[in-house]
Amino acid sequence: MIKKEFNHSLSAQNTFRMKVSCACYIEYDSIEDLKSLDFDSLPQPLLSIGEASNILFTEDFKGTVLRSKINYIKYFDVGADTVPLAVGAGVKWDDLVKKSCEDRLWGAENLSLIPGTVGAAAVQNIGAYGVEAKDIIAGVTCFDLKTREKTAFKVQECNYGYRDSIFKQEEFKGRYIITGVLFRLSRVPVPKIEYGALKSIFSEAPSEPMQVREAVINIRNSKLPAVEEIGSAGSFFKNPVLEPLKFAQLCEGYETVPHYLLPGGFVKVPAAWLIEQCGLKGASVGGAAVYEKQPLVIVNHSGEARAEEVLALENKIIMAVQEKFGVVLQPEVEHV
Ligand code: EPU
């Protein structure tokens, strides 16, 4: 069923709590709904959102916001070690993780408590604690706005990278509306607990995915603001990936610099550390502030921050890090 509204307020529908509206808002719950829509007659451009937990709306949106309510979780469990799951794009990501852990399936547990929907997770390739969505995705089904037909991509065709996929790249952006995602989870235990914060919790391998989920929830609650309580869009910046020489330069004058080695000699450095070294923990512009416990996150404490203030703080952080380290931070949050 389609729900359509003009001049719709998005204030309660973006986790950053920006007070914005869109010219037109549409909710749909099937591919048939999408096929029945006359997209050309809608205010343009079109923007698909999940829970808008990774978007900074900088002003009212002049086009049409599309929100999937395609909600199903289907198991194809034939008793094999690998269990395929077909999931509707509108399902809340953490509902999927919770259910899979309850059903003792491994693979999604490290991605517990991440805000957003299943469709958005497949666009963004969400990641945490050593696991990315691509590790458990087998394929993605979409509605192609160009052909107005259903189409599908295998995981290899999605070009997944760090918080990246073909669905974010210029050529395809806005062309495909993700309607469902096929996951492959495991009946056989495959705990991934190498990430620092998890390693220190488990002295021996956990036997249930729910144990990992509970540990991840505890870590996240201790570091990250709960989107229900404090406005934010999670990590505001990506962790920069540096060339070996650049990393060596950056290390000069520091006893240790936290980092992760990547293939090809590249080094990923936590943006949180760079921001902290610039003395910006807790820094603010108007109602926008750098979160004390995790400076990679910009928060809207009072719910009254204006987009200009968030942008000014973003700019201040980028300039400070560039000046001190010669590294240009890239926002992880999409600006609309
Ligand atoms: N750090 C500091 N100061 C701080 C906090 C962290 O120096 O105040 C340094 C520490 O060295 C720490 C390192 O940053 O070891 C990494 O911190 P953390 O484990 O919190 O992870 P992150 O690299 O800052 C990334 C993701 C998060 C994800 C965590 C856990 C990105 C942009 N962010 O953050 O994802 O939850 O790893 O895996 O890759 C998100 O995308 O919205 C998000 C929250």
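When a ligand or atom number is given, it counts from 1 through the structure's own listing order. The analysis underlying the following values was restricted to heavy atoms, covering all of them including side chains, and did not include hydrogens, waters or symmetry mates.
The distance from ligand 1 to the heavy atoms of R220 drops below 4.0 Å at these ligand atoms: 36 (O). In summary, the atoms of ligand 1 found under 4.0 Å from a heavy atom of R163, numbered by their order in the structure, are 26 (C), 27 (C), 31 (C), 33 (N), 35 (O), 39 (O), 40 (C), 41 (O), 43 (C). Atom numbering of ligand 1 starts at 1 in the shown order; those under 4.0 Å from a heavy atom of G234 are 42 (O). Close approach to E276 involves these atoms of ligand 1, each under 4.0 Å from a residue heavy atom: 2 (C), 3 (N), 4 (C), 7 (O), 8 (O). Close approach of ligand 1 to K281 (heavy-atom distance below 4.0 Å) involves ligand atoms 8 (O). Remark: ligand 1 atoms within the under-4.0 Å shell around heavy atoms of E332 are 41 (O). Near F237, the atoms of ligand 1 lying under 4.0 angstrom from a non-hydrogen atom of the residue are 32 (C). Here is the list of ligand 1 atoms found below 4.0 Å of a heavy atom in K223: 19 (O), 20 (O).
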Verdict with supporting geometry, R213 and D94, salt bridge (Lys or Arg N to Asp or Glu O under 4.0 Å) | CA-CA 10 Å; R213 173 173 167 81; D94 198 51; 2.8 Å; yes
Dump the intermediate steps for side chain to side chain contact (heavy atoms under 4.5 Å, CB included) on Y176 and K146, then the final yes or no.
-> CA-CA 8 Å; Y176 299 103; K146 199 162 167 186; over 6 Å; no
Apply the test salt bridge (Lys or Arg N to Asp or Glu O under 4.0 Å) to residues E208 and R104: give CA-CA distance (whole Å), side-chain angles for both, the deciding distance (0.1 Å), then the verdict.
-> CA-CA 7 Å; E208 296 290 334; R104 307 177 74 186; 2.7 Å; yes
Tell me, with the steps shown, if I275 and L329 meet side chain to side chain contact (heavy atoms under 4.5 Å, CB included).
-> CA-CA 10 Å; I275 297 169; L329 292 182; 4.1 Å; yes
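Counting only heavy atoms of the protein, atom 25 (C) of ligand 1 lies nearest to N239 ND2, 4.0 Å. Shortest contact from atom 20 (O) of ligand 1 to any protein heavy atom: Q294 NE2, 3.0 Å. For atom 34 (O) of ligand 1, the closest non-hydrogen atom of the protein is L296 CD2, 3.9 Å. Y195 OH, 3.3 Å is the protein heavy atom nearest to atom 21 (O) of ligand 1.
For atom 1 (N) of ligand 1, the protein comes within 4.0 Å by at least one heavy atom. For atom 10 (C) of ligand 1, the protein comes within 4.0 Å by no heavy atom at all.
Side-chain atoms of N110 do not come within 3.5 Å of backbone N or O of V131 as any donor-acceptor pair.
Of the polar atoms of Y162, at least one N or O is found under 3.5 Å from an N or O of ligand 1, judged by distance alone.
Of the heavy atoms in P258, only side-chain atoms (C-beta onward) come closer than 4.0 Å to ligand 1.
Because its NZ or CZ atom is both nearer than 6.0 Å to the ring centre of Y72 and within 45° of the ring axis, K74 counts as a cation-pi partner of that residue.
When the heavy-atom distances from atom 30 (C) of ligand 1 to Y129, W273, Y291 are ranked, the shortest goes to Y129. Across the listed options A271, A272, P295, S235, P295 owns the non-hydrogen atom lying nearest to atom 8 (O) of ligand 1. The option with the heavy atom closest to atom 13 (C) of ligand 1, from among G196, G130, P270, P115, is P270.
Side-chain rings of F6 and Y25 stay apart, their centers remaining 6.0 Å or farther from each other.
Using a 4.0 angstrom heavy-atom cutoff, Y260 counts as in contact with ligand 1. Under a 4.0 angstrom heavy-atom cut-off, Q277 registers as lying outside contact with ligand 1.
Using a 4.0 Å cut-off between charged side-chain N and carboxylate O, K173 and D164 make no salt bridge.
The stretch residues 269-279 participates, sequence neighbours left out, in these salt bridge (charged side-chain N to carboxylate O under 4.0 Å, His left out) pairs: E276-K281. Applying the side chain to side chain donor-acceptor pair (under 3.5 Å) rule to pairs touching residues 310-327 yields E314-H335, sequence neighbours excluded.
With V336 as the fixed residue, the side-chain contact (heavy atoms from CB on, under 4.5 Å) test singles out one of I55, V65, V20: I55.
Taking the six-membered ring where tryptophan is involved, the planes of F247 and H259 are tilted, since the angle between them lies from 30° to 60°.
Of all heavy-atom pairs spanning E109 and V97, the tightest one is CA-CG1, 4.1 Å.
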